[in-house]
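Notes for the one structure printed next.
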Amino acid sequence: MQSITITKPDDFHLHIRDGDYMKCVVKHSAAQFARAIIMPNLRPPVLTTDDADAYRQRILSALNNQHDFEPLMTLYLTDNTSPEEIEKAAKSGFVKALKYYPAGATTNSDQGVTDIKKAYPALKAMSDHGLLLLMHGEVTESHIDIFDRETIFIDKVLKNLVTDFPNLKIVFEHITTRSAVEFVMQADSHVAATITPQHLLLSRNDLFRGGLRPHHYCLPILKAEDDRQAIMSAATSGNPKFFLGTDSAPHSSILKESACGCAGIYTAHIAMELYAEAFARADRLDKLEAFASNFGADFYGLPRNTGSITLIKKEQAVPESFPFANDTLTPYRAGETCAWRIQ
C-alpha cells in the first residue's frame, strides 16, 4: 500500500510545555491531530480547573486560529486533590481527566501522589462524575530495577485500584511491557492503554546502538525486544482497548545531552508518519485508522472526527533541530529519514 486516507486522528497523550517553548512545538501537533489530551506537569503544575482554563487559553492563543485543534485538558492529581475540585472540573466541559504521577517518577512529577490511598477521595469523585484517570504506571522505589517498575506497578497499585473503583475509567499510559498488554487485555472495559511510536519502533538495544543515545531516553524506559513485539501486536490487533498517545515530550538539546540528561522523546513533528511506518512494517496498515482515530475517542466518550488526512509512502528528511525558545530541540530521527509523509 502506497497511501492511506484516514479520519483525522487524536493524540491522547501530549506534552507541549508552556510560554515560548509551547509556541515552538504546539503547531506540529495541531497540523496532524484534531484534538489532544494535554499533560499537566508544568512548573507549577495544572492543579485546578482555573489553572486548566488559563493554560487552554494560552494554547489557543499560540495557535492564533491557524489550526482547527482542540486541546483537551487534564489536572495534576496530588495527595490533596479535593472532591470539590473534581466536581468543578467535570462541570467545566474542557477538563477530561486527571493525571496520576507517582512522586518522582518522571519529568516534573515531584508533586505527584506519594500514596495512592491518599487520592482515594478524589478517585471516588472522579468515578462519580465520569472523569478519567490517566496513569503513569511505574513504582519509584530506588531499589527496584528500572526495567521492572511497570510490571511491579501492576501488582502493587493497578490491580487493587481496578478492584476498588470498578466504574472508574483508567488509561494505562504509554505501556511498555508484555505484562501491561496482558493486564489491559484481561481487564474489563473500563481499562484501556495508550501506545507511543517510540515503544513500537525501539527496544532498549536502541539506547546503546552505536554509543549512548540520549535522545532515545524516555520514561517509562524502552524495554526488551519481546516487550516491543507485544506492544506492536496490541497496537495493530484492532482491539479497541489500545489507542494512540504519542507522549511527545520536548526538551532542549542541551538538557537531553547533559551529564544527567532528562527523559523524553520528541515525536510530534512526524508522529502520524511514524505510526504509519510501524503499522506498515507489521503489514497492518488497515488497522491504523481505528487505532489513531476511533478507539481513543470512543473510550473518552467523544464524537469521532469528521475530517481526514492522507499519508503517502514517500521518504522525507528529518531536520537536525527545531527552534525551542532560546535553545534548540533535537527531534526523533534528527538528520535521518522517515518512510512516510502527510500529503
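Everything numeric in this text was worked out from a predicted model, so none of it was measured.
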Hey, are the side chains of [X] and [Y] touching, using non-hydrogen atoms and a 4.5 Å cut-off?
| X | Y | answer |
| --- | --- | --- |
| Leu47 | Leu75 | no |
| His67 | Val26 | no |
| Leu212 | Leu207 | no |
| Tyr275 | Leu311 | no |
| Ser293 | Pro9 | yes |

Could you tell me whether the side chains of [X] and [Y] share a donor-acceptor contact shorter than 3.5 Å?
| X | Y | answer |
| --- | --- | --- |
| Lys223 | Thr176 | yes |
| Thr246 | Asp11 | yes |
| Asp148 | Thr151 | no |
| Ser321 | Thr328 | no |
| Thr7 | Glu289 | yes |
| Thr49 | Glu85 | yes |
| Gln186 | Glu182 | no |

**Prompt:** Should the ring pair His28 and His269 be called parallel, tilted or perpendicular, given that the plane angle runs from 0 to 90° and is split at 30 and 60?
**Reply:**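 Tilted: the ring planes of His28 and His269 meet at 30° to 60°.
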
**Asked** Between Phe153 and Tyr100, what is the ring plane arrangement, given parallel below 30°, perpendicular above 60°, and tilted in between?
**Response**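 Aromatic pair Phe153/Tyr100 classed tilted.
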
Quick one: pull up [atom1] in [X] and [atom2] in [Y] and give me the separation to the nearest 0.5 Å.
| X | Y | atom1 | atom2 | value |
| --- | --- | --- | --- | --- |
| Thr177 | Ile231 | OG1 | CD1 | 6.0 Å |
| Ile270 | Thr337 | CD1 | OG1 | 9.0 Å |
| Lys8 | Met272 | NZ | CE | 11.5 Å |
| Leu131 | Glu87 | CG | CD | 10.5 Å |
| Lys313 | Arg341 | NZ | CZ | 14.0 Å |
| Arg333 | Glu273 | CZ | CD | 10.5 Å |

**Request:** Answer yes or no: are there more than 12 heavy-atom neighbours, outside Tyr21 itself, under 6.0 Å from its atom OH?
**Result:** no

**Message:** Tell me whether Asn326 at atom CG has more than 12 heavy atoms from other residues, nucleotides or ligands lying less than 6.0 Å away.
**Reply:** no

How about [X] and [Y]: are their ring centres within less than 6.0 Å of each other?
| X | Y | value |
| --- | --- | --- |
| His199 | His174 | no |
| Phe242 | Phe295 | no |
| Tyr101 | Tyr76 | yes |

So, for [X] and [Y], which heavy atoms are closest and what is the spacing to 0.1 Å?
| X | Y | answer |
| --- | --- | --- |
| Gly264 | Lys256 | O-NZ, 2.7 Å |
| Ile86 | Met126 | CG2-N, 3.6 Å |
| Asp298 | Arg304 | OD2-NH2, 2.7 Å |
| Lys27 | Ala62 | CE-O, 3.7 Å |
| Met22 | Arg58 | CE-O, 3.5 Å |
| Tyr300 | Ile37 | CE2-CD1, 3.5 Å |

Residues [X] and [Y] bridged, charged N to O under 4.0 Å:
| X | Y | value |
| --- | --- | --- |
| Asp206 | Arg213 | no |
| Asp115 | Lys118 | no |
| Asp145 | Arg149 | no |
| Arg43 | Asp18 | no |
| Arg281 | Glu277 | yes |

Can [Y] be reached from [X] by stepping across I, L, V, M, F, W or Y side chains whose heavy atoms are under 4.5 Å apart?
| X | Y | value |
| --- | --- | --- |
| Leu201 | Val318 | yes |
| Ile312 | Phe279 | no |
| Ile265 | Ile254 | no |
| Leu60 | Tyr55 | no |
| Leu329 | Leu255 | no |

**Item:** Counterpart residues, side chain to side chain donor-acceptor pair (under 3.5 Å), relative to Thr310 (two or more places apart)
**Value:**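 For Thr310, the residues satisfying side chain to side chain donor-acceptor pair (under 3.5 Å) (neighbours in sequence not counted) are Thr5.
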
Any donor-acceptor N/O pair, [X] side chain to [Y] backbone, under 3.5 Å:
| X | Y | result |
| --- | --- | --- |
| Glu138 | Pro102 | no |
| Thr74 | Leu98 | no |
| Asp128 | Ala125 | no |
| Arg56 | Leu72 | no |
| Asn239 | Ala234 | no |

**Message:** Does Leu133 form a side chain to side chain contact (heavy atoms under 4.5 Å, CB included) with Leu123? I'd like the steps, not just the answer.
**Reply:** CA-CA 8 Å; Leu133 175 63; Leu123 298 179; 3.9 Å; yes

**Request:** Start with the C-alpha gap between Asp247 and Thr194, add the side-chain angles, then the distance that decides, and say whether side chain to side chain contact (heavy atoms under 4.5 Å, CB included) holds.
**Result:** CA-CA 9 Å; Asp247 193 22; Thr194 54; over 6 Å; no

**Prompt:** Please walk me through it: do Asp227 and Ser203 pass side chain to side chain contact (heavy atoms under 4.5 Å, CB included)?
**Reply:** CA-CA 8 Å; Asp227 293 304; Ser203 73; over 6 Å; no

**Request:** Could you walk me through whether Glu173 and His13 pass the side-chain hydrogen bond (donor to acceptor under 3.5 Å, both in side chains) test, one step at a time?
**Result:** CA-CA 8 Å; Glu173 298 211 283; His13 187 148; 3.1 Å; yes

**Of all pairs that satisfy ring pair (Phe, Tyr, Trp, His ring centres under 6.0 Å), the ones with a partner from residues 206-232, not counting sequence neighbours** = His216-Tyr332

**Cation over ring face, Arg35 and Phe69, 6.0 Å, 45°** =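 Not satisfied by the 6.0 Å and 45° rule.
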
**Request:** Kindly indicate, with the supporting measurements, whether the criterion side chain to side chain contact (heavy atoms under 4.5 Å, CB included) is fulfilled by Phe33 and Leu244.
**Result:** CA-CA 11 Å; Phe33 297 102; Leu244 185 154; 3.8 Å; yes

Less than 3.5 Å apart, which donor and acceptor atoms pair up between the side chains of residues 155-169 and the rest of the protein, not counting sequence neighbours?
from: Asp155; atom 1: OD1; to: Lys159; atom 2: NZ; distance (Å): 2.8
from: Lys156; atom 1: NZ; to: Glu141; atom 2: OE2; distance (Å): 3.0
from: Thr163; atom 1: OG1; to: Lys159; atom 2: O; distance (Å): 3.1
from: Asp164; atom 1: OD2; to: Tyr120; atom 2: OH; distance (Å): 2.6
from: Lys169; atom 1: NZ; to: Phe299; atom 2: O; distance (Å): 2.4

